[in-house]
Protein chains: 2
Amino acid sequence: MLGYAAPLQRLIDELSKLPGIGPKSAQRLAFYLLNAEEADVAALGEAILQIKSEIGRCQECFNYATEQLCPICQDPTRDCTVLCIVEQPSDLMALERAGEFRGLYHVLGGALSPVEGLGPGDLNISQLRRRIQELGCQEVILATSPTVEGDATAEFLRGELAGLVERITRIALGLPVGGDLDYADQVTLARSLRGRTLMEE
Amino acid sequence: MLGYAAPLQRLIDELSKLPGIGPKSAQRLAFYLLNAEEADVAALGEAILQIKSEIGRCQECFNYATEQLCPICQDPTRDCTVLCIVEQPSDLMALERAGEFRGLYHVLGGALSPVEGLGPGDLNISQLRRRIQELGCQEVILATSPTVEGDATAEFLRGELAGLVERITRIALGLPVGGDLDYADQVTLARSLRGRTLMEE
């Protein structure tokens with residue numbers, strides 16, 4: 001079997017390293033790039049080369065930022081009495097897209113996971129304590145994922161932050177909007193029943 | 001709704017332009033790159049930037065090549081009496097992976113398609129005629145895809161090349177190996193029956 005020309009093989013190899021991109025997709029993408037407009041290919045290559053050097057972490061909330069503070073921490077209109085705790089910046093962005101929350105965030109940088117060797121010391125918790133006190137937070141919303149690790153992290157933080165802030169809440173777990181009850185798993189259904197809310201007239 | 005930091009948004013936008021990569025996948029890839037090793041990210045960015053400048057076309061068969069001739073046309077052990085006609089270099093590579101064919105290839109650069117406005121003048125056909133004569137080919141294998149366009153192209157080339165070469169053949173159409181007869185479509189089954197071969201003892 002004959003290989004591809006060296007620069008093409010190199011590109012396919014590098015693309016294959018991306019998550020969710022197998023050898024077949026990598027090949028398809030490489031051929032696409034070979035036939036794409038020069039300017040588009042250059043724009044993609046440069047965007048990739050620049051990403052690591054241009055983006056750092058917000059010194060307050062650990063969101064991605066190009067300056068010392070991320071746009072949310074810089075925004076004076078955000079409500080600093082409510083702090084929403086998430087695992088990753090991508091979770092923060094998902095919540096922002098929902099457009100429901102106007103407070104500040106704090107990115108933990110992961111969840112507690114004995115399997116991956118991630119303990120409390122690996123998460124941004126000491127900064128979290130400091131911020132809660134400095135901001136004078138009245139509510140902390142634990143928005144870690146509803147996974148074993150996320151739930152354990154939420155439970156751990158509930159204990160850690162007790163006494164430091166008045167209200168500690170957890171995002172609601174239940175049926176996704178538009179989801180079919182028939183297709184929901186038992187655990188979700190159980191959580192959905194346990195977390196039922198009173199219907200207002 | 002608040003956007004991502006500018007360099008991150010730029011990367012997501014560029015990744016979204018790739019085929020088969022929607023906004024969600026682009027975001028996941030961008031976050032992956034943000035957290036990946038500096039060296040890996042640089043290797044990918046550079047492989048993309050170099051691909052257009054380093055790879056050209058083989059002057060004989062129009063396969064991708066880093067030199068004037070592609071590795072297959074440079075290989076003196078290939079059988080130059082059989083020429084296999086494909087639409088794209090990716091088809092050539094797929095056939096090479098099968099490891100069955102030891103002749104030379106000719107890349108048309110597409111298939112006849114009135115919808116896309118691709119006529120005989122847009123394909124590398126004049127060069128094909130010249131090569132058949134220069135190489136003294138005895139067989140031309142039409143390995144265009146079994147699509148409407150590919151079949152039409154094969155049919156067109158059969159007419160064009162008649163008299164120029166002794167044998168003009170078409171790759172076999174039938175059930176894929178490992179495929180379930182039950183799941184095959186009617187057209188494939190019909191072709192599979194029509195192209196049946198005698199079982200040898």
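Remember, it's a predicted structure, so these values are computed and weren't measured experimentally. Letters go in sequence order (proteins before strands), and every chain restarts at 1.
- Neither the backbone nor the side chain of A:A30 has a heavy atom closer than 4.5 Å to any heavy atom of chain B.
- Among A:A43, A:A6, A:A42, the residue making the largest number of heavy-atom pairs under 4.5 Å with chain B is A:A43.
- Between the side chains of B:T188 and B:D185, at least one donor N or O sits under 3.5 Å from an acceptor N or O.
- We find the CD-SG distance between B:E96 and B:C84 to be 9.0 Å, quoted to the nearest 0.5 Å.
- For chain A, the nearby part of B:Q50 is the side chain; its heavy atoms alone come within less than 4.5 Å.
- Both the backbone and the side chain of B:D40 come within contact range of chain A, with heavy atoms under 4.5 Å apart.
- Counting only N and O atoms by type, the side chains of B:T77 and B:R102 include a donor and acceptor under 3.5 Å apart.
- Between the side chains of A:E139 and A:T169, at least one donor-acceptor pair of N or O atoms lies under 3.5 Å.
- Across A:Q59 and A:R130, no two heavy atoms sit closer than the pair O-NH2, 4.4 Å.
- The contact between A:N35 and chain B is made by backbone and side chain atoms together, counting heavy-atom distances below 4.5 Å.
- Not less than 6.0 angstrom separates the ring centroid of A:F62 from the ring centroid of A:Y105.
- With rounding to the nearest 0.5 angstrom, the CD1 atom of A:I141 is 9.0 Å from the CG atom of A:L83.
- Proximity to chain B (any heavy atom under 4.5 Å) is shown, for A:L15, by both the backbone and the side chain.
- Options B:L92, B:T66, B:L29 differ in how many heavy-atom pairs under 4.5 Å they form with chain A, and the most are formed by B:L29.
- Ranked by heavy-atom pairs under 4.5 Å with chain A, the first of B:L34, B:L33, B:I51, B:L49 is B:L34.
- For A:Q27, the part sitting under 4.5 Å from any heavy atom of chain B is the side chain, from C-beta outward, and nothing else.
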